[in-house]
Amino acid sequence: MSTLLSVFGERQQYSFPSIFIYGHTSSGKTYVLQTLLKTLELPHVFVNCIECSTSRLLLEKILSQLQSLSSKTKHASHISCDTLNQFVCLFKQEIMAEELQNETIYIVLDKAEQLREMEANVLPAFLRLQELADRNVTVILVTEIVWELFRPNTGCFEPFTLYFPDYSIGHLQKILSHDHPPEYSADFYAAYINILLGVFYTVCRDLKELRHLAALNFSKYCEPVVKGEANERDTRRLWKNIESHLKKAMQTVYLREVSSSQWERLQQDDGEPGQVKGLSAHTHVELPYYSKFLLIAAYLASYNPSRSDKRFFLKHHGKMKRTTFLKKHEKTSNHLLGPKPFPLDRLLAILYSIVDKRVAPTGNIFSQISSLVTLQLLTLVGHDDQLDGPRYKCTVSLDFIRAIARTVNFDIIKYLYDFL
């Protein structure tokens, strides 16, 4: 915070034209910035770029917030802004108010990585807004990625960069200890947080996730105290009670595959994590009808040899004995070797064979393939712009694909070469 204060300078002084603040998620970037601007009562505009799908929405939101900063405008009206040139002109008009002329205006763009998806001139214009508008304005970009991933190939004005490091274990201990329930002492909750961080700190340093885990598992930690089996200072007995519980919770860090109520119900029943529907990876994914067949086709393409396609997917393929077909590899299981990459045309050919109705190769089918890649059910091998077409691998397990196949009444075992 002291670094930010020195960068801001006095209220009437010109600050840096643009400041680039980056760091991992939950490292306090947005909170510190908002607290500083509100405490010092600095005129500022705060916009979350995720809420603005186009540059027009972004520019209009900035102008509308600027309009509300002026005491002359009691009822802000909608401002239409289509271009950056128009934005600069309207921006000059909005800050003509006396209370804004002698102070630095701060425009904070949170989740600034979204600017890379907008027109090529948006980011360079914000970096040089002070020069373009000839006004005392500073644009602050807040993001989780480094500046090198922002810098255009054609070059641009370089902002002042400021890195927010991750919270140390000591900082996390202090922050999380503030959440202690009023019915328990602060020392008791601090001891619980110390145990929690000892287990999870090596795999998770996200404050939001740790706060969720602390709230989710605290009732189990208090169980011996509630039952009268231990007091708040009996740390050893409390640790023994929650040790196995926290080890189970390690399997669900970041995944959110079950709700908090499901997880609490599981612990009351003393069940294993795998016994909860949806707890193991991907088992609770809801897919569209044709996406299920696409995934089935991808699994068959990954685990069946390409030369077996004729045997499974042609009605009149002639005689083909298994002993002669896999003479050299009769002891090798494709499921033990893992999934093999396959081209897009083979995936579509298998899809057309296993779906009852004719499926046209429309953009909808290709978008569903991209969705399966995004869900990490398929993996893109190589680049999708290579000349011979993209290649994929199916990453789901046999149990998962059998569960998917049952929902569409497809017996996948009959089409797997390893189970002939």
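Bear in mind the structure is a predicted one, so any value in this text is a computation, not a measurement.
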Chemist: Taking atom CZ as the centre, does Arg346 end up with more than 12 heavy-atom neighbours from other residues, nucleotides or ligands that are less than 6.0 angstrom away?
Modeler: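 Check passes, neighbour count above 12.
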
Chemist: Using the test side-chain contact (heavy atoms from CB on, under 4.5 Å), find all partners of Lys414 that sit at least two apart in sequence or belong to another chain.
Modeler: Asp411

Chemist: Checking Phe20 now: which residues fulfil ring pair (Phe, Tyr, Trp, His ring centres under 6.0 Å) with it, not counting sequence neighbours?
Modeler: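 Partners of Phe20 under the ring pair (Phe, Tyr, Trp, His ring centres under 6.0 Å) test: Tyr22, Trp147, Phe150.
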
Chemist: Take Glu144 and Lys111, measure what salt bridge (charged side-chain N to carboxylate O under 4.0 Å, His left out) needs, and give me the verdict at the end.
Modeler: CA-CA 8 Å; Glu144 296 176 9; Lys111 305 295 182 184; 3.5 Å; yes

Chemist: Among Leu37, Thr138, Thr30, which residue satisfies the side-chain contact (heavy atoms from CB on, under 4.5 Å) criterion with Val108?
Modeler: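 Testing each of Leu37, Thr138, Thr30 against Val108, the sole residue satisfying side-chain contact (heavy atoms from CB on, under 4.5 Å) is Leu37.
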
Chemist: Does Thr39 reach the main-chain N or O of Leu36 with its side chain, forming a donor-acceptor pair under 3.5 Å?
Modeler: no

Chemist: Could you check Leu129 against Ile107 for side-chain contact (heavy atoms from CB on, under 4.5 Å), going step by step and ending with a plain yes or no?
Modeler: CA-CA 10 Å; Leu129 184 59; Ile107 299 177; 3.7 Å; yes

Chemist: Provide the closest heavy-atom pair for Ser291 versus Leu372 in the form atom of the first, atom of the second, distance.
Modeler: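 So the minimum-distance heavy-atom pair works out to O-CD1, 4.0 Å.
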
Chemist: I need the minimum non-hydrogen distance between Leu378 and Ala298, along with the two atoms involved.
Modeler: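 Heavy atoms only, the tightest pair is CD2-CB, 3.4 Å.
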
Chemist: Going by side-chain contact (heavy atoms from CB on, under 4.5 Å), name the residues that satisfy it together with His171, two or more places apart in sequence or in a different chain.
Modeler: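 Here the qualifying residues are Tyr167, Ser168.
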
Chemist: Sequence neighbours excluded, which residues qualify as side-chain contact (heavy atoms from CB on, under 4.5 Å) partners of Thr54?
Modeler: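 Scan of Thr54 (side-chain contact (heavy atoms from CB on, under 4.5 Å), adjacent residues dropped) gives Arg56, Leu57.
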
Chemist: Run the ring-centre check on Phe218 versus Tyr189 and record whether the distance is less than 6.0 Å.
Modeler: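 Yes, they do, as the ring centres are separated by less than 6.0 Å.
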
Chemist: Is the terminal nitrogen or CZ of Arg205 (NZ for Lys, CZ for Arg) located under 6.0 angstrom from the six-membered ring centre of Tyr201 and within 45° of that ring's axis?
Modeler: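 So Arg205 does make the cation-pi contact.
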
Chemist: Step through it carefully: locate the ring centre of Phe188, locate the ring centre of Tyr221, and say whether they are under 6.0 Å apart.
Modeler: yes

Chemist: Checking Thr161 against Val146 for the side-chain contact (heavy atoms from CB on, under 4.5 Å) test, could you report, in this order, the C-alpha distance in whole Å, the side-chain angles of both residues, the deciding distance, and whether it holds?
Modeler: CA-CA 9 Å; Thr161 58; Val146 296; over 6 Å; no

Chemist: For Met118, is there any backbone N or O sitting under 3.5 Å from a side-chain donor or acceptor partner on Ser55?
Modeler: no

Chemist: Quick check for you: to the nearest 0.5 Å, what is the distance between Ile195 atom CD1 and Asn217 atom CG?
Modeler: 11.5 Å

Chemist: Tell me whether the centres of the aromatic rings in Tyr106 and Phe46 are closer together than 6.0 Å.
Modeler: no

Chemist: Set out, in order, the CA-CA distance, both residues' side-chain angles and the distance that settles side-chain hydrogen bond (donor to acceptor under 3.5 Å, both in side chains) for Asp166 and Ser27, then state yes or no.
Modeler: CA-CA 5 Å; Asp166 291 339; Ser27 57; 5.2 Å; no

Chemist: Pair Leu4, Leu33 - check side-chain contact (heavy atoms from CB on, under 4.5 Å), show working.
Modeler: CA-CA 8 Å; Leu4 273 176; Leu33 199 55; 4.0 Å; yes

Chemist: Give a yes or no on whether the backbone of Leu210 and the side-chain of His212 come within a donor-acceptor separation of less than 3.5 Å.
Modeler: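 No; zero donor-acceptor contacts below 3.5 Å.
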
Chemist: Please name all residues satisfying ring pair (Phe, Tyr, Trp, His ring centres under 6.0 Å) with Phe157, sequence neighbours left out, ordered by chain then number.
Modeler: none

Chemist: Considering non-hydrogen atoms only, spot the tightest contact between Arg135 and Ile95 and give its length.
Modeler: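 Nearest heavy atoms, Arg135 then Ile95: CG-CD1, 3.3 Å.
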
Chemist: May I ask you to decide if Ala112's main-chain N or O and Thr143's side chain share a donor-acceptor pair within less than 3.5 Å?
Modeler: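 It does not hold such a pair.
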
Chemist: Please check: side-chain N/O of Asp110 versus main-chain N/O of Val47, any donor-acceptor pairing under 3.5 Å?
Modeler: no

Chemist: Looking only at non-hydrogen atoms, find the nearest pair between Leu90 and Cys81 and report the distance.
Modeler: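 Scanning both residues completely, I find the closest heavy atoms to be CD1-CB, 4.2 Å.
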
Chemist: Which residue pairs pass the salt bridge (charged side-chain N to carboxylate O under 4.0 Å, His left out) test when at least one of the two sits in residues 2-14, sequence neighbours left out?
Modeler: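 Non-adjacent pairs meeting salt bridge (charged side-chain N to carboxylate O under 4.0 Å, His left out): Arg11-Glu103.
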
Chemist: Does the distance from a Lys or Arg side-chain N to an Asp or Glu carboxylate O, for Glu113 and Arg116, drop under 4.0 Å?
Modeler: no

Chemist: Where does the angle between the aromatic ring planes of Phe312 and Tyr415 fall among parallel (under 30°), tilted (30 to 60°) and perpendicular (over 60°)?
Modeler: tilted

